Participant: 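Could you have a look at this structure, given as structure tokens, before my questions?
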Amino acid sequence: MSTRELTFVQALAEALDLCMAKDPRVFVLGLGAPDAAAVFGSTKGLVVKYGPRRVLDMPVSENGMTGVAVGAALRGMRPVMTHVRLEFAMLAMDPMVNQAAKWHYMFGGQASVPLVIRMVVGRGWGQGPQHSQSLQAWFAHVPGLKVVMPATPHDAKGLLISAIEDDNPVVFIEHRWLYNIHGPVPEGIYRVPIGESKVLRRGRHITIAATSYMTLEAVRAADELAEEGLELEIVDIRTLNPFDETPLLESVRRTGRLMVADAGCRSVGFASEVVTRVVEQCFSDLKEPPVRITLPDLPTPTTRALSNYYYPLARDIAAAARRLAGRPPKPQPEIQPEDFLDVPDPTFTGPF
Amino acid sequence: MSTRELTFVQALAEALDLCMAKDPRVFVLGLGAPDAAAVFGSTKGLVVKYGPRRVLDMPVSENGMTGVAVGAALRGMRPVMTHVRLEFAMLAMDPMVNQAAKWHYMFGGQASVPLVIRMVVGRGWGQGPQHSQSLQAWFAHVPGLKVVMPATPHDAKGLLISAIEDDNPVVFIEHRWLYNIHGPVPEGIYRVPIGESKVLRRGRHITIAATSYMTLEAVRAADELAEEGLELEIVDIRTLNPFDETPLLESVRRTGRLMVADAGCRSVGFASEVVTRVVEQCFSDLKEPPVRITLPDLPTPTTRALSNYYYPLARDIAAAARRLAGRPPKPQPEIQPEDFLDVPDPTFTGPF
Amino acid sequence: MATVTGTPPPDVARQMLRSILRIRMVEERIRDLYADQEMRCPTHFSIGQEAVAVGVCAHLRRDEQVTSAHRSHAHYLAKGGDLQAMLAELYGKATGCASGKGGSMHLIDEAAGFLGAVPIVGSTIPIGVGAALASVLQGSPVLAVIFFGDAATETGVFHESLNFAALHRLPVVMVCENNLYSVLSPLSCRHPEGRAITQLAQGHGVWNRHGDGNDAEAVHALAGEAIAHARAGRGPAFLEFKTYRRLEHCGPLEDRHLGYRKPGEYEAWMARDPLKLYSQRLRARELVTSADLETMAREIAVEVEDAVTFARSSPFPTREQLAAHVYAP
Amino acid sequence: MATVTGTPPPDVARQMLRSILRIRMVEERIRDLYADQEMRCPTHFSIGQEAVAVGVCAHLRRDEQVTSAHRSHAHYLAKGGDLQAMLAELYGKATGCASGKGGSMHLIDEAAGFLGAVPIVGSTIPIGVGAALASVLQGSPVLAVIFFGDAATETGVFHESLNFAALHRLPVVMVCENNLYSVLSPLSCRHPEGRAITQLAQGHGVWNRHGDGNDAEAVHALAGEAIAHARAGRGPAFLEFKTYRRLEHCGPLEDRHLGYRKPGEYEAWMARDPLKLYSQRLRARELVTSADLETMAREIAVEVEDAVTFARSSPFPTREQLAAHVYAP
Ligand SMILES: Cc1ncc(C[n+]2csc(CCOP(=O)(O)OP(=O)(O)O)c2C)c(N)n1
Ligand SMILES: Cc1ncc(C[n+]2csc(CCOP(=O)(O)OP(=O)(O)O)c2C)c(N)n1
Ligand SMILES: [Mg+2]
Ligand SMILES: [Mg+2]
């Protein structure tokens with residue numbers, strides 16, 4: 001197994017390149033897909049290699065273009081559509097949810113829609129109310145859609161390849177604060193199966209199920225708590241639908257304590273589903289009520305003076321874990337309105 | 001208090017009439033709003049009384065027309081928009097979720113969007129995959145939207161009046177199988193507050209939280225179980241957002257057993273939120289794991305031979321309650337594919 | 001393929017008449033049977049509008065693609081969709097073209113090039129365009145014909161699709177059946193006065209024509225031009241045909257008591273019923289005799305009864321089918 | 001109000017020049033300050049496009065309504081939006097026009113008739129139409145002017161809104177600033193070759209004109225016609241103005257190194273910079289002297305510095321504000 005390191009976004013670009021090289025049915029479609037910004041670099045070099053027909057720019061017509069992608073998928077192509085913000089896909093709920101998600105079922109299984117819809121979610125630099133929503137809960141509520149949220153470069157590549165090879169519509173949600181993280185990524189084609197949760201880290205005291213970027217925050221919290229002898233077991237829910245609960249249930253049966261970290265709004269969010277599944281099946285194993293770490297039920301404020309308090313951080317996970325384990329709280333420096341919590345790292349200087 | 005009886009749909013029509021008579025800012029907007037079918041009768045007589053400008057038909061342009069309604073609401077009107085199927089509102093997620101739900105917040109509270117969006121949900125007579133979805137979970141996940149689902153004629157009128165008088169966007173979801181049920185409806189204007197759950201029936205053994213039509217099925221189940229000495233306490237969640245959990249928690253603390261009945265798909269549905277809230281706050285009171293009664297995670301099949309097995313019925317609620325209470329199961333006649341479970345009553349003969 | 005104009009050759013003309021008659025007889029039979037309440041799904045009849053489907057589809061190769069919407073019986077049958085599978089679908093049977101999961105609003109016959117019909121207005125327009133795009137990306141362009149009603153031209157997705165089809169000069173023919181109504185709503189509360197539907201296509205720089213949708217040969221001639229245009233790689237073409245719905249918007253009954261139709265309108269259109277018009281014309285042209293027509297009707301009646309028998313005697317899907325086909329394997 | 005054509009009266013001309021200069025100076029100042037990384041929100045500059053906003057808004061009464069999109073600084077300022085509140089908003093301060101919750105992409109000044117700007121392309125088009133509808137329903141029509149870019153004409157909602165505005169002859173003027181690009185994508189990968197943007201409006205039967213967006217007086221003249229048309233109750237009007245974005249799509253920097261602009265294009269447009277053009281013209285017409293211009297610049301500089309000081313010295317919203325304003329009371 002290779003120890004070569006790539007960034008998350010490089011891993012995505014490599015997955016697209018490999019799939020396009022291997023399968024002429026695969027093409028990329030999205031606003032600016034072939035341009036110099038290359039969707040944060042994820043489509044870099046593809047247009048030079050495969051030409052503008054297979055790396056297709058489009059009008060600002062998300063609804064129509066998603067329908068076009070559905071039609072192309074029905075006729076033997078495998079489109080990979082990209083939205084640089086999840087919100088832009090909200091224009092396309094009919095083709096995604098009424099058509100793509102149901103086509104196979106409503107026509108008795110004779111046709112299917114092999115379509116990948118990439119959506120960038122995330123935060124930072126004042127993205128604000130209309131450029132930062134993370135609606136994985138919506139898609140995970142729709143039978144017929146698969147919903148994937150990778151948290152590591154390795155999974156980003158392996159899951160994107162699986163998504164492109166899947167004969168069903170797959171919503172592939174990417175958190176932009178993961179784009180620059182490095183990690184080992186094998187060369188060539190490999191697959192991370194859709195529908196498999198993964199235990200990222202073993203621990204005896206508390207099970208934490210996390211999605212996407214919150215997996216990273218969970219790891220940070222786990223590192224901090226490890227020094228205090230409090231062990232988190234981290235289950236990365238890489239696929240939200242179909243949701244593989246087995247490793248999670250197995251873990252909770254050992255730890256008896258559950259936390260769920262998901263960067264969507266709280267009410268009727270994906271975290272509620274995780275809690276419910278566990279409670280239904282591990283009721284007697286639970287020593288304490290499960291704890292949700294989510295966004296509050298608020299729109300996203302633009303000013304960092306407010307967004308600093310909007311996003312849950314590793315320290316919040318750690319604090320909740322201490323409470324859950326009955327450990328004494330640990331004093332933390334107050335977060336200040338001026339603090340620069342609106343960037344993943346100092347290299348990030350906006351304006352996007 | 002009046003003992004006059006009206007049907008659910010008559011109660012809606014009366015609410016609209018009273019609000020339009022009282023407030024010139026109120027107008028109705030929707031496909032066929034002024035036509036002879038009058039949105040299942042809910043807008044009956046309004047166009048004669050108030051004219052075609054205040055009972056406005058529209059092009060099949062749900063996205064644009066919802067944006068128009070938002071703009072009109074911002075400039076002092078109080079539009080009541082109607083979709084005869086929830087699916088048609090799926091074209092309008094941007095104006096509803098990005099604009100109406102966030103306008104007040106994202107502009108610092110200076111403007112607001114007093115807009116009611118009625119959506120008909122339901123089932124029957126082969127509505128099939130694209131005419132029967134019940135996506136209350138989506139709307140309840142969106143901060144800034146209020147989500148109302150009345151279950152009785154009394155609440156239909158009182159909640160619609162409250163919704164129209166509310167300064168926020170309110171998603172008002174009506175189950176068509178409730179339209180013909182009768183119930184006492186006071187004359188004149190009265191309000192059922194948005195954001196109040198209601199204990200519909202007292203019982204000692206099991207708490208069941210239900211929404212919309214499932215409240216009716218819960219009552220039927222409760223009647224059946226009462227004869228066996230098993231008492232259900234029914235909490236009607238008339239408002240899903242903001243969700244008033246108080247009477248529910250209070251009830252579970254007494255019964256120690258929770259069931260949730262909601263006619264949306266199971267995963268990441270509203271029922272998950274109810275279970276999670278209760279578990280977070282009544283963990284030690286719960287004697288058994290909570291039970292969800294929902295639609296399966298499947299698209300809606302058209303043929304009754306399959307839809308007969310798709311929708312949970314009072315008998316399913318009763319059976320689950322017996323299990324939950326440790327009572328012996330009661331043999332039930334098998335449902336046959338030919339059975340006519342696709343109509344609320346024999347008067348219902350399609351084709352809609 | 002050369003541009004088709006003037007009257008079609010005799011065999012084509014006869015074929016078209018037969019096809020119109022067949023669709024009419026199928027739907028009239030469905031009307032009778034609907035009263036039994038065994039076909040339990042929303043059903044939109046094409047009666048009075050058959051000439052559009054027939055005049056257009058007369059040009060199409062089996063592998064060329066067609067999409068439609070909620071009112072799709074005529075398009076499905078004219079394109080060669082399987083009659084037995086359609087009736088079985090309306091009866092909700094396992095042998096239906098969608099295994100009973102779709103019903104009248106969800107017809108499909110991929111073998112016949114009928115890509116699919118679904119009832120969300122406008123939704124199949126980009127899907128048809130996408131089918132054409134796929135064929136172009138695959139290097140062998142295949143025509144896609146997209147049927148929809150006048151109200152579909154009010155949807156944003158119609159314009160988005162037209163713009164994209166024009167941008168890439170895709171082999172698409174859009175066929176708008178303007179029957180003057182959307183459910184009970186007349187054009188006057190949906191379209192600006194004096195703005196023709198073809199003007200919308202013109203706005204996108206798309207080749208367009210309009211004609212009499214109740215005259216099978218007028219449809220056939222214009223469709224021939226449009227299809228030749230699109231097949232030749234000159235980009236999409238748009239056709240509007242004025243026609244008229246005889247029955248209620250959804251369901252088997254007449255609905256004149258509702259009073260939304262203009263006075264005299266119904267009678268005027270019934271006088272121009274496409275079946276009547278075309279059988280008269282072909283009789284006048286001595287391409288068919290009343291005897292021929294009776295033979296046709298007899299043959300079709302047999303075919304329809306066979307299909308009805310097939311549909312009614314077919315089994316319902318089994319309970320296991322409920323959870324099947326959510327995801328492709 | 002009578003149709004405005006030809007050159008505007010001297011005072012209006014001077015006012016327009018001053019307004020263009022002011023917008024330019026404000027944005028140039030924002031560019032300098034952006035480097036401090038204290039304005040932390042996506043920011044789209046109007047530099048090079050100011051003449052459209054100014055030429056149109058010169059006609060508007062304060063109570064008439066304007067909407068815009070992601071690139072709204074010029075529209076906000078030209079309509080009389082509060083400069084201090086705008087800068088405070090970019091700094092994320094409590095004194096911002098959206099209390100810091102919106103940022104550059106969410107400007108509003110209801111007192112000035114600036115109904116709002118949001119960054120979902122096309123989304124404010126129906127909202128502007130709805131504002132006009134409200135005024136008509138209220139019995140006292142008020143003009144709504146809707147600003148958007150060339151890419152917004154690709155959205156379905158643009159067409160749905162245009163159709164509805166035309167259907168009800170609403171007092172709406174739509175102003176499309178065609179700066180040739182959507183982010184880095186040229187028109188050629190979004191619009192069919194040879195199809196003018198105004199043709200889309202024509203398709204809906206909507207009155208339309210196009211002109212030079214870098215010539216303040218050309219804009220002013222066409223806007224006068226369009227506004228007179230809409231105010232007179234003759235229905236919506238559509239205007240397309242060709243103009244050019246000098247800076248990167250989003251952010252304060254030049255972006256010529258990206259290579260998406262056609263060779264010579266940038267230089268050609270810079271030679272026709274609206275500020276340069278108009279100041280030259282008014283000097284030639286002897287309506288202003290270089291001395292006047294310096295005075296203007298000095299006054300504006302003071303105003304801008306005051307606003308910057310106000311913004312920087314304003315307090316951040318307090319933590320309690322996070323949960324405030326989700327619902328109106
Ligand atoms: C997006 C959407 N909105 C509303 C409806 C409800 N609806 C079903 S059929 C129909 C009328 C469509 O009229 P037209 O397109 O002219 O077709 P026709 O029924 O006249 O053949 C409407 C509005 C729908 N199916 N989809
Ligand atoms: C519905 C939607 N899709 C995509 C985007 C991303 N986006 C932001 S600005 C922009 C370009 C818009 O171009 P144009 O309308 O011409 O305005 P300009 O930036 O040129 O002023 C795009 C595509 C968006 N904001 N909304
Ligand atoms: Mg019609
Ligand atoms: Mg532009």
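Predicted model only: the values in this text are computed from it and were never measured.
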Participant: If I measure from the heavy atoms of chain B, does D:Val326 come under 4.5 Å with its side chain, its backbone, both, or neither?
Facilitator: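 Contact with chain B involves both backbone and side-chain atoms of D:Val326.
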Participant: List the steps and the verdict of side chain to side chain contact (heavy atoms under 4.5 Å, CB included) for D:Leu107 and B:Phe107.
Facilitator: CA-CA 8 Å; D:Leu107 298 184; B:Phe107 290 121; 5.9 Å; no
Participant: Counting heavy-atom pairs under 4.5 Å with chain B, which one of D:Val129, D:Val136, D:Thr155 comes out on top?
Facilitator: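 Top option by heavy-atom pairs under 4.5 Å: D:Val136.
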Participant: In Å and rounded to the nearest 0.5 Å, what is the CD1 to CG distance from D:Ile120 to B:Asn98?
Facilitator: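 Answer rounded to 0.5 Å: 4.5 Å.
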Participant: Pick one of side chain, backbone, both or neither for D:Ala324, based on which atoms fall under 4.5 Å of a heavy atom in chain B.
Facilitator: backbone
Participant: Let's go through D:Ile108 and B:Met106 carefully: what are the C-alpha distance in whole Å and the side-chain angles of both, what is the deciding distance for side chain to side chain contact (heavy atoms under 4.5 Å, CB included) to 0.1 Å, and is it a yes or a no?
Facilitator: CA-CA 10 Å; D:Ile108 185 170; B:Met106 74 187 167; over 6 Å; no
Participant: Taking atom CD of D:Glu110 and atom CG of B:Leu74, what is their separation to the nearest 0.5 Å?
Facilitator: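 Result: 7.5 Å between the selected atoms.
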Participant: Less than 4.5 Å to any heavy atom of chain B: does that hold for the side chain of D:Leu115, its backbone, both, or neither?
Facilitator: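 It is both, since atoms from each part get that close.
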Participant: Go through D:Ala131, D:Ser99, D:Ser135 and name the one with the most non-hydrogen pairs under 4.5 angstrom from chain B.
Facilitator: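 Most heavy-atom pairs within the cutoff with chain B belong to D:Ala131.
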Participant: Name the option with the most non-hydrogen atom pairs under 4.5 Å to chain B; the candidates are D:Leu322, D:Thr124, D:Asn163.
Facilitator: D:Leu322
Participant: Can you say whether B:Pro59 sits under 4.5 Å from chain D via the side chain, the backbone, both, or neither, judging by heavy atoms?
Facilitator: side chain
Participant: D:Ala117 versus chain B, heavy atoms under 4.5 Å apart: side chain, backbone, both or neither?
Facilitator: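 The backbone, not the side chain.
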Participant: Residue by residue, which of residues 156-168 of chain B have a heavy atom closer than 4.5 Å to a heavy atom belonging to chain D?
Facilitator: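 When heavy atoms of chain D are the reference, residues 156-168 of chain B contributes B:Asp167, B:Asn168 within the under-4.5 Å range.
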Participant: So for D:Gln65, is it side chain, backbone, both, or neither that comes closer than 4.5 Å to the heavy atoms of chain B?
Facilitator: side chain
Participant: Could you go through the side chain to side chain contact (heavy atoms under 4.5 Å, CB included) check for B:Arg25 and D:Leu137 one step at a time?
Facilitator: CA-CA 9 Å; B:Arg25 300 172 303 171; D:Leu137 292 173; over 6 Å; no
Participant: If you compare all heavy atoms of B:Gly109 against all heavy atoms of D:His325, which two are closest, and at what distance to 0.1 Å?
Facilitator: CA-ND1, 3.5 Å
Participant: First locate atom CG of D:Leu167, then atom OG of B:Ser61, and finally report the distance between them rounded to the nearest 0.5 Å.
Facilitator: 9.5 Å
Participant: Between B:Leu145 and chain D, which part of the residue has a heavy atom less than 4.5 Å away: side chain, backbone, both or neither?
Facilitator: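 Looking at B:Leu145, just its backbone touches chain D.
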Participant: Side chain from CB out, backbone as N, CA, C, O: work out which of these in D:His159 comes under 4.5 Å of a heavy atom of chain B, or both, or neither.
Facilitator: neither
Participant: Tell me which of these, D:Ser123, D:Gly102, D:Pro317, has more heavy-atom pairs under 4.5 Å with chain B than the rest.
Facilitator: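 Highest number of heavy-atom pairs under 4.5 Å: D:Ser123.
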Participant: Would you confirm whether B:Gln110, through its side chain, and D:Cys97, through its main-chain N or O, come within 3.5 Å as a donor-acceptor pair?
Facilitator: yes
Participant: Which of residues 63-72 of chain B get closer than 4.5 angstrom to chain D, counting heavy atoms alone?
Facilitator: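 Under the 4.5 Å heavy-atom cut-off, B:Asn63, B:Gly64, B:Met65, B:Gly67, B:Val68, B:Val70, B:Gly71, B:Ala72 qualify.
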Participant: I'd like to verify something: which residue of B:Ala111, B:Gly144, B:Gly76 has the highest number of heavy-atom pairs under 4.5 Å with chain D?
Facilitator: B:Gly144
Participant: Looking at B:His104 and D:Pro329, what are the two nearest heavy atoms and their distance?
Facilitator: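 Scanning both residues completely, I find the closest heavy atoms to be NE2-CD, 4.4 Å.
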Participant: Check the pair D:Lys101, B:Tyr105 against side chain to side chain contact (heavy atoms under 4.5 Å, CB included), reporting the backbone distance first and the verdict last.
Facilitator: CA-CA 7 Å; D:Lys101 284 176 169 172; B:Tyr105 188 88; 3.5 Å; yes
Participant: B:Glu62 versus D:Glu160: any side-chain heavy-atom pair under 4.5 Å?
Facilitator: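 No - every pair of side-chain heavy atoms lies 4.5 Å or more apart.
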Participant: Please confirm whether B:Lys146 makes a cation-pi placement over D:Tyr327, using NZ or CZ under 6.0 Å from the six-membered ring centre and within 45° of the ring normal.
Facilitator: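 Flagged: B:Lys146 positioned over aromatic ring of D:Tyr327.
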